[in-house]
Chemist: 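Submitted below is the structure of interest, expressed as structure tokens.
Each ligand, and each atom within it, is numbered from 1 in the order the structure gives. In this chain, numbering begins with 1 at the start of the sequence shown.
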Amino acid sequence: DVPAAGKVSTRFDLEKETELRFEVEAGEAAEQVELELLTGMAEVFGSELNRNKKYTFGAGSKIAVFTWQGCSVNLYGKPEVAYVSKDTPMLLYLNTHAALEQMRKQAERDNERGPRVMVVGPTDVGKSTVCRLLLSYAVRVGRRPTLVELDVGQSGVSVPGTVSALCIERPADVEEGFSVQAPLVYHFGSTTPGTNIKLYNKLTSCLAEVFSQRCEVNRKASVGGCIINTCGWVKGSGYQALVHCASAFQVDVVLVLDHERLYNELKRDLPHFVRVVLLPKSGGVVERSKECRRDARDEKIREYFYGFRGVSFYPFSFEVRFSDVRIYKIGAPSIPDSCLPLGMSQDDTQLKLVPVTPGRDLTYHVLSVSSAEDGEEGARKGIVESPVCGFIVVTYVDTQTQVMKVLSPAPRPLPRHTLLIMDIRFMDMK
Ligand code: ATP
């Protein structure tokens, strides 16, 4: 708990309704920054800070410490930037939470379902942060909301290339975010919905269906509602995917962050009973470069295998015979309509399972282990709509002996033998 010797400490006295924003330098050599609340009360993205506890933030972290009442904090170490801002949209975000809470209360009274909220906007407007804030506020008042993560590029729940849902039972940990226990995860396979929009929409519908089923049997989940985090792609098919999601989940509220045109379009295209609300983005949200996003994705996969902060995992490496597994890619390359077999549409090709013959080019690819029952043809049908039970990475392929080496979180044997290939690669540098 004691800050490393020699770290500079800087004290900040914050007035009420202001926030301290700081960024930790990116890169492996970056020095961590520690935060300590000395007096008053403060929160980081909706989670309250304990007084005199030191919170550590690693390379690349971008943090805001907000206070409703006023407080003083210490930073230990050298952040890349650190400044206090009086200009924050937090009051509007709190009001949004209050309005959602009213809807939950009403749902409780009238035996209805709670609010289903979709958060949309271009990249880097703080969508994930607003989701985290609203979810943390909701659990803090005793609700059990669900986070639906549709951002296949920067998933807060699982590895990139997936969509998922997670029941939120406690506020996000200040340093680590939400505790991810038993999420429901589906394989998408790439980091932009555009690579297979049909599959993306299909998986959105799958999540919506499972969530609705859960709401039918679990009153708390139903009243808690859900907060849906979406991708920053808001034009063309990306926009259509948002409209599809609104209808699949039957959302009641859409929060549009900092995009007036998107706000107007959604107001025009969604049914009149859907409340579409335009909210400003926080001036603190930091734009992330392509490299930064790629690094974040890599880090997410590394965490899956090796753990995070205090918790270390020790993954296994073992050989898998080609003959013991079936590897598929979802979606065949699109071909002109005129060349499609009779009675088949482009939709069918995008959801088709294409068997992959293992070769050298499989090396470093991330593979999802499908929870679909092993079995022949009959079972293949359900694979696209089956959740995944884990991920492995191919580290070596030997075509001579027909064997591949994989990195796996669990020892052999693989729990299932149907594997789905992602476009995403992970090079294990450990
Ligand atoms: P994406 O384009 O990946 O969908 P997004 O819109 O979800 O991004 P966030 O991930 O919420 O954006 O925010 C981007 C970064 O800005 C994050 O690192 C987050 O910690 C940081 N951030 C958000 N709000 C603030 C703030 N008020 N002060 C400082 N940093 C912030």
Chemist: Considering only the protein, which heavy-atom contact is closest to atom 28 (N) of ligand 1, and what is its distance?
Modeler: Ala64 CB, 3.3 Å
Chemist: Would you check if Leu92 and Pro280 make a side-chain contact, meaning some heavy-atom pair closer than 4.5 Å?
Modeler: yes
Chemist: Would you mind checking which non-hydrogen protein atom is closest to atom 24 (N) of ligand 1, with the distance to 0.1 Å?
Modeler: Val285 CG2, 3.6 Å
Chemist: With a 4.0 Å cut-off, would you call Arg104 and Glu101 a salt bridge?
Modeler: yes
Chemist: Quick check on contacts: which atoms of ligand 1 are under 4.0 angstrom from a heavy atom of Asp151?
Modeler: 3 (O), 4 (O)
Chemist: If you measure from CG on Leu166 to OG1 on Thr146, what distance do you get to the nearest 0.5 Å?
Modeler: 8.0 Å
Chemist: Measuring from the heavy atoms of Ile63, does anything fall under 4.0 Å of ligand 1?
Modeler: yes
Chemist: For atom 27 (N) of ligand 1, what's the nearest protein heavy-atom neighbour? Residue, atom name and distance, please.
Modeler: Glu19 OE2, 2.9 Å
Chemist: In the protein, what heavy atom is nearest to atom 16 (O) of ligand 1, and what distance, to one decimal place, separates them?
Modeler: Val286 N, 3.3 Å
Chemist: Based purely on interatomic distance, does Asn229 place a nitrogen or oxygen under 3.5 Å from a nitrogen or oxygen of ligand 1?
Modeler: no
Chemist: Heavy atom of Phe45 under 4.0 Å from ligand 1?
Modeler: yes
Chemist: Hey, what's the ring geometry for Phe426 with Phe305, parallel, tilted or perpendicular (30° and 60° as the breaks)?
Modeler: parallel
Chemist: Which residue and atom name correspond to the protein heavy atom nearest atom 31 (C) of ligand 1, and how close is it?
Modeler: Gly284 O, 3.6 Å
Chemist: Can you pull out the closest protein heavy atom to atom 5 (P) of ligand 1? Residue, atom name and distance to 0.1 Å, please.
Modeler: Lys127 N, 3.4 Å
Chemist: For residues Gly156 and Lys300, report the shortest heavy-atom separation together with the two atoms involved.
Modeler: O-NZ, 3.6 Å
Chemist: Does Leu207 form a side-chain contact (heavy atoms from CB on, under 4.5 Å) with Leu150? I'd like the steps, not just the answer.
Modeler: CA-CA 10 Å; Leu207 279 171; Leu150 296 183; 3.7 Å; yes
Chemist: I need the minimum non-hydrogen distance between Ala246 and Leu270, along with the two atoms involved.
Modeler: CB-CD2, 3.7 Å
Chemist: Under 4.0 Å, heavy-atom basis, I'd like to know which part of Arg288 is in contact with ligand 1: side chain, backbone, both or neither.
Modeler: side chain
Chemist: Report the member of Val120, Thr123, Thr129, Thr88 with the shortest heavy-atom distance to atom 23 (C) of ligand 1.
Modeler: Thr129
Chemist: Please check: side-chain N/O of Arg140 versus main-chain N/O of Gly46, any donor-acceptor pairing under 3.5 Å?
Modeler: yes
Chemist: Does ligand 1 have an atom under 4.0 Å from some heavy atom of Arg293?
Modeler: yes
Chemist: Which ligand 1 atoms, with their elements, are less than 4.0 angstrom from a heavy-atom of Gln154?
Modeler: 3 (O)
Chemist: With heavy atoms of Val125 as the reference, note each atom of ligand 1 found under 4.0 Å away.
Modeler: 6 (O)
Chemist: Is it true that Gly126 lies under 4.0 Å from ligand 1, counting heavy atoms only?
Modeler: yes
Chemist: Please check if atom OH in Tyr364 has more than 12 non-hydrogen atoms from other residues, nucleotides or ligands closer than 6.0 Å.
Modeler: no
Chemist: When you measure from the heavy atoms of Lys281 to every atom of ligand 1, does any distance fall below 4.0 Å?
Modeler: no
Chemist: Quick one: nearest non-hydrogen protein atom to atom 7 (O) of ligand 1, plus distance?
Modeler: Ser128 OG, 2.6 Å
Chemist: CD1/Ile63 to CG/Leu75 distance, rounded to the nearest 0.5 angstrom?
Modeler: 10.5 Å
Chemist: If you have a sec, work out which protein heavy atom is nearest atom 20 (O) of ligand 1 and how many Å separate them, to one decimal?
Modeler: Lys62 O, 2.7 Å
Chemist: Would you say the ring centers of Phe57 and Phe22 fall short of 6.0 Å from each other?
Modeler: yes
Chemist: Could you check if a side-chain atom of Glu36 sits within less than 4.5 angstrom of a side-chain atom of Ser9, using non-hydrogen atoms only?
Modeler: no
